Novice: 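Take this structure, written in structure tokens, and hold onto it; I'll ask about it next.
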Amino acid sequence: MPAEPEFDDLFALPAVDHPAPKERFPAKETMPDAAYQIVHDELLLDGVSRMNLATFCTTWVDDQARRLMNESLDKNIVDKDEYPQTAELESRCSRMLADLWHAPDPATTLGTSTTGSSEAAMLGGLAAKFRWRKRGGTGTPNFVCGPVQVCWEKFARYFDVEIRQVPLRGDRLTMHPDDVAAHCDANTIMVVSNFGQTYTGLFEDVAGIARALDDLQAGSGLDIPLHVDAASGGFLAPFTAPDLVWDFRLERVKSINSSGHKTGLAPLGAGWAIWRTADDLPPELIFDVDYLGGSMATFNLNFSRPGGQVITQYYDFVRLGRLGYTRLQEAIYRVAGHLADGLTAFDGFELIHDGDPNRGITAVCWRLTGTPGFNLYDLSDRLRTRGWLIAAYPLPPDRGSETVMRAVIRHGFTHDMVDLLLADIDRCVRQLASHPLKVSLTRAEAGGFTHNAKAKVPGAKPAATTHPDSTG
Ligand SMILES: *Cc1c(COP(=O)(O)O)cnc(C)c1O
């Protein structure tokens, strides 16, 4: 019989009586309870996700979704033959999104789940690159965009495509239709329009950009496709701004990416790429895997991936439907509007995006006017002492050194929480005003959660922009 342990309290066990392994692969085992406690307690240092208004991603899931995630912990989405019903739910979701985004024939077009919008964006970009090659494109391919999320700089770098970022003229914050054509040429594989910009939350004028490209084609013969990055907008506008035309209703839009794990309400690790028609996805990108004695098309960067995200996304669609998504997203916009209203009461704040569903996503973005004796990094740092994580960051470089603050309002954030936040902003602003800092904080000092996502490549020329989020 094993000897009785000398102590039975978890915190008196030898395993927790010394530092946790950090540098070297641990030599010995640890009891599951003790190992769990060590890991659990380390995570106490993380922020509270529901107070993280810097992220766009899901931070609230209901019990049923948790149950489904738990039940599908062991399902690999790539095993279509072994888990045909998971594969079926993925296909249903793709068709539902093709329908939601007005594809001409949702039943026959192609789409796929991904790990997020980044993978979906890469797939959209690769499809555009292959289509351009097939049209006879040679030389260095390029794509044209405004201020974009870092995934597009990654696409450019990883797949050797030149990124042409249209500079923002005057006080513009998004790519303007008038500025697009001048950056396009015969090697332009696509224009990427941002439907819900990371910096400000604003929608770009996708329809205007499509018209500008129509005019370009009429004048020069260049037929340049549009890809819409609807990471957040794709699950908002169809419900809360249905008359805004940004999707496959525009003939020129050939592909759309969106993050199921942002406004789509799915747990982290869900994204979608949908093509206008099956013909818009080049066959070279399609691989077949076994499926019910036959084969099924897959087009992903990953092979193995968890299946739960897609299963839970399907649950969300069934659970809410159009009516439920509309009610829920409208409620979130109302909460964003409440924050915007509250912010207007402060002297030094000027709103850039007030959470208007026709202008942008469920976020509020503001700048500081005048010289209050502190900057937005100082405010961000102060707010962090109360647990609020709110991003302050510089606008794209062509807007000078201007900094803004952005709060993304998501499922699970309430009117009451806005009131608590406003009270804390008020307290922090007063504190900073009455105890001015000798030297204001820099972006790097104000907290790692808004770190810039520029890749570190020795000798590489610096990326054109710094990024307001590490996460999306
Ligand atoms: C978040 C975001 C991305 C990246 O999406 P992930 O799902 O985080 O990979 C791309 N584009 C925009 C506009 C985003 O907001």
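Since we're looking at a predicted model, the values are computed, not measured. First listed ligand is number 1; within each ligand, the first listed atom is number 1.
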Novice: Centroid separation under 6.0 Å, is that true for the rings of F195 and W246?
Specialist: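 That pair passes the under 6.0 Å test.
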Novice: Is there any N or O on N257 that sits under 3.5 Å from an N or O of ligand 1?
Specialist: no
Novice: At a 4.0 Å cut-off, with the gap strictly under it, does some heavy atom of K262 reach an atom of ligand 1?
Specialist: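 True for this residue.
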Novice: Quick check: does S117 get an N/O under 3.5 Å from an N/O on ligand 1?
Specialist: yes
Novice: Would you say S118 and ligand 1 have an N/O pair spaced under 3.5 Å apart?
Specialist: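 Right, the criterion is met.
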Novice: Ligand 1 versus C151, non-hydrogen atoms closer than 4.0 Å: side chain, backbone, both, neither?
Specialist: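 For C151, only side-chain atoms sit under 4.0 Å from ligand 1.
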Novice: What I want to know is whether H261 and ligand 1 share at least one N or O pair that is separated by under 3.5 angstrom.
Specialist: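 Indeed, backbone or side chain, H261 has an N or O that close.
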Novice: Which pair of non-hydrogen atoms, one from M175 and one from V166, has the smallest distance, and what is that distance?
Specialist: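 In this case the closest contact between M175 and V166 is SD-CG2, 3.8 Å.
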Novice: Under a 4.0 Å heavy-atom limit, does S259 contact ligand 1 with its side chain, its backbone, both, or neither?
Specialist: side chain
Novice: Can the ring centroids of F299 and W275 be said to lie less than 6.0 angstrom from one another?
Specialist: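 Yes, close enough.
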Novice: Any side chain to side chain donor-acceptor pair (under 3.5 Å) pairs touching residues 351-360, not counting sequence neighbours?
Specialist: none
Novice: If a pair satisfies salt bridge (Lys or Arg N to Asp or Glu O under 4.0 Å) and one of its residues is in residues 165-179, list it, with sequence neighbours excluded.
Specialist: R169-D179, R172-D179
Novice: So if I count the atoms of ligand 1 from 1 in the order they appear, which ones are less than 4.0 Å from some heavy atom of G196?
Specialist: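 With G196 as reference, the close atoms of ligand 1 come out as 13 (C).
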Novice: Test the K80-Y291 pair against the cation-pi criterion, namely NZ or CZ under 6.0 angstrom from the six-membered ring centroid and within 45° of the ring axis.
Specialist: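 Judged by the rule, K80 and Y291 form no cation-pi pair.
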Novice: Using a strict cut-off of 4.0 Å, indicate which atoms of ligand 1 neighbour a heavy atom of N194.
Specialist: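 Here the atoms of ligand 1 in question are 13 (C).
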Novice: Considering distance alone, does some N or O of D229 sit under 3.5 Å from an N or O of ligand 1?
Specialist: yes
Novice: Just distances here: any N/O of E119 and N/O of ligand 1 closer than 3.5 Å?
Specialist: no
